[in-house]
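Worksheet: one structure, shown below.
Protein chains get the first letters and strands the later ones, always in sequence-line order, with residue 1 at the start of each. Given the structure is predicted, the values throughout are model-derived calculations rather than measurements.
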Number of protein chains: 2
Amino acid sequence: MPRSDQSQTAILGALSIMPMTGYALREEIRDTLGHFWSESFGQIYPVLAELERKGLVERQEATDSRSSKFGITDAGVTRLRELLAEPPQAPNPRNGLMLRLFFGSQLGPEACRELVLQAREQAEAALARMEAARTEVAENGGLAQAAPYILLTVSAGEHSARAAIAWADEALADLAKLEATSSQPARGRGRP
Amino acid sequence: MPRSDQSQTAILGALSIMPMTGYALREEIRDTLGHFWSESFGQIYPVLAELERKGLVERQEATDSRSSKFGITDAGVTRLRELLAEPPQAPNPRNGLMLRLFFGSQLGPEACRELVLQAREQAEAALARMEAARTEVAENGGLAQAAPYILLTVSAGEHSARAAIAWADEALADLAKLEATSSQPARGRGRP
DNA sequence: CGCTACATGTAAGGTGTTACATGATTCC
DNA sequence: GGAATCATGTAACACCTTACATGTAGCG
């Protein structure tokens with residue numbers, strides 16, 4: 001129920017794929033889960049310590065290195081499944097772009113256009129990352145049974161990015177019309 | 001820059017449309033901005049008090065009621081425009097559904113299907129709300145110059161909801177295939 | 001007369017982020 | 001030997017949510 005369980009879920013999940021050091025967890029969570037998840041890195045070590053205390057993960061003394069990787073235990077896998085089975089709790093939305101557009105009449109069409117353009121670029125970049133992720137998952141063996149599920153999340157990212165691009169194009173057209181009509185009566189920047 | 005500025009933006013923005021009591025702000029933010037914004041209601045009165053102290057809003061003693069509405073001042077409008085002009089900062093993503101699907105091989109196809117079905121229903125509901133909002137904006141005069149901007153955000157909600165539905169349908173099909181192939185070797189729910 | 005909605009706040013607790021501190025290893 | 005990267009942590013702070021406390025107005 002508490003939010004911190006969610007951090008545990010992400011960490012246990014990552015370790016269920018392969019054992020890792022805390023540092024590697026940072027990287028993996030940022031690079032792989034980053035499209036839809038974020039952990040505050042200040043939390044990773046405390047959570048890891050708690051998981052170790054509960055016997056859900058354990059340090060594996062590696063032979064070829066001094067750094068200790070963390071591996072998930074059987075109890076950890078059980079706990080992970082419990083956590084995953086809990087209903088996902090959506091975070092409260094806080095979309096700064098939408099807030100700005102909603103009060104866009106205070107900002108004016110040009111500034112709004114700029115914001116939408118930026119959003120479009122970000123969506124385009126996200127789409128490219130998703131396509132890269134898709135090929136990466138396809139090429140990487142060792143995810144055999146996980147791959148179809150991971151591709152589900154990649155697909156969600158693609159749909160969402162494409163929708164954002166389509167919306168942005170519409171919005172840009174609408175804003176262009178607004179610019180045209182709003183400058184017409186005042187004939188060049190005058191006040192009504 | 002600090003996050004709390006965002007609460008100020010939302011509150012000043014709402015008051016720029018019409019003067020309101022703190023209580024009404026709660027309702028408006030929940031019902032109207034709720035699709036892409038949320039305020040913790042415990043923040044509204046403190047922020048309101050701070051805005052009043054800075055002269056950005058003022059209490060209007062209403063003639064017909066004991067409750068005091070808050071109205072935005074000229075300085076408040078100026079401040080609102082400043083705040084809106086700042087670049088929107090995206091909150092760190094935390095999508096519980098995607099987290100669960102990413103580690104879906106631990107959950108199994110049926111449970112994932114259930115999750116996706118729920119997401120689809122939520123998207124469907126969101127789409128219906130968006131369409132309702134669209135007609136509401138169209139019918140409501142008094143938003144004359146704000147209406148086109150508000151419709152931009154409604155359109156974004158529609159695109160996003162439609163994308164979620166399309167994705168869900170694809171995902172359900174994929175999961176159905178997974179269920180079929182995973183149960184095939186075991187021949188109907190048997191243990192491997 | 002009691003229930004619901006309106007209205008205004010406060011305080012505690014939990015969460016997450018940032019910045020800092022420290023040291024080992026590897027590569028040039 | 002020095003720089004970059006790997007690695008582990010901590011502590012302060014900012015933030016948000018929740019629950020509580022309190023009181024009024026209107027309606028059935």
Looking at A:E27 and A:R30, does any basic side-chain N land under 4.0 Å from a carboxylate oxygen? yes
Between A:E39 and B:R94, is there a side-chain N and carboxylate O pair less than 4.0 Å apart? yes
Check the interface with nucleotides 3-6 of chain D: list each N/O to N/O pair with the protein under 3.5 Å, or write none.
{"residue": "D:dC6", "atom": "OP2", "partner": "A:Y23", "partner atom": "OH", "Å": "3.1"}

Picking from C:dG16, C:dT10, D:dA7, which would you name as closest to the side chain of A:Y45? D:dA7
Close side-chain approach of A:F36 and B:F102, heavy atoms under 4.5 Å: yes
Please report the distance, rounded to the nearest Å, between CZ in B:R30 and P in D:dT18. 13 Å
Donor-acceptor pairs under 3.5 Å, side chain of residues 121-129 of chain B to any protein atom, not counting sequence neighbours: which ones?
{"residue": "B:E124", "atom": "OE1", "partner": "B:R120", "partner atom": "NH1", "Å": "2.4"}

Looking only at the side chain of A:S40 (C-beta and beyond, no hydrogens), which of the listed nucleotides D:dT8, C:dT17, D:dC16 gets closest? C:dT17
Give the nucleotide from the list C:dT10, D:dC16, D:dT8 with an atom nearest to the side chain of B:P46. C:dT10
Quantify the bending of the helix from C:dC1-D:dG28 to C:dC28-D:dG1 as the angle between its end axes, each fitted on five pairs, to 10°. 20°
For B:R26 and C:dT8, is the shortest distance between a side-chain N/O and OP1 or OP2 below 4.0 Å? no
Using distance alone, with no hydrogens and no angle criterion, decide if B:T73 and B:R79 have a side-chain donor and acceptor under 3.5 Å apart. no
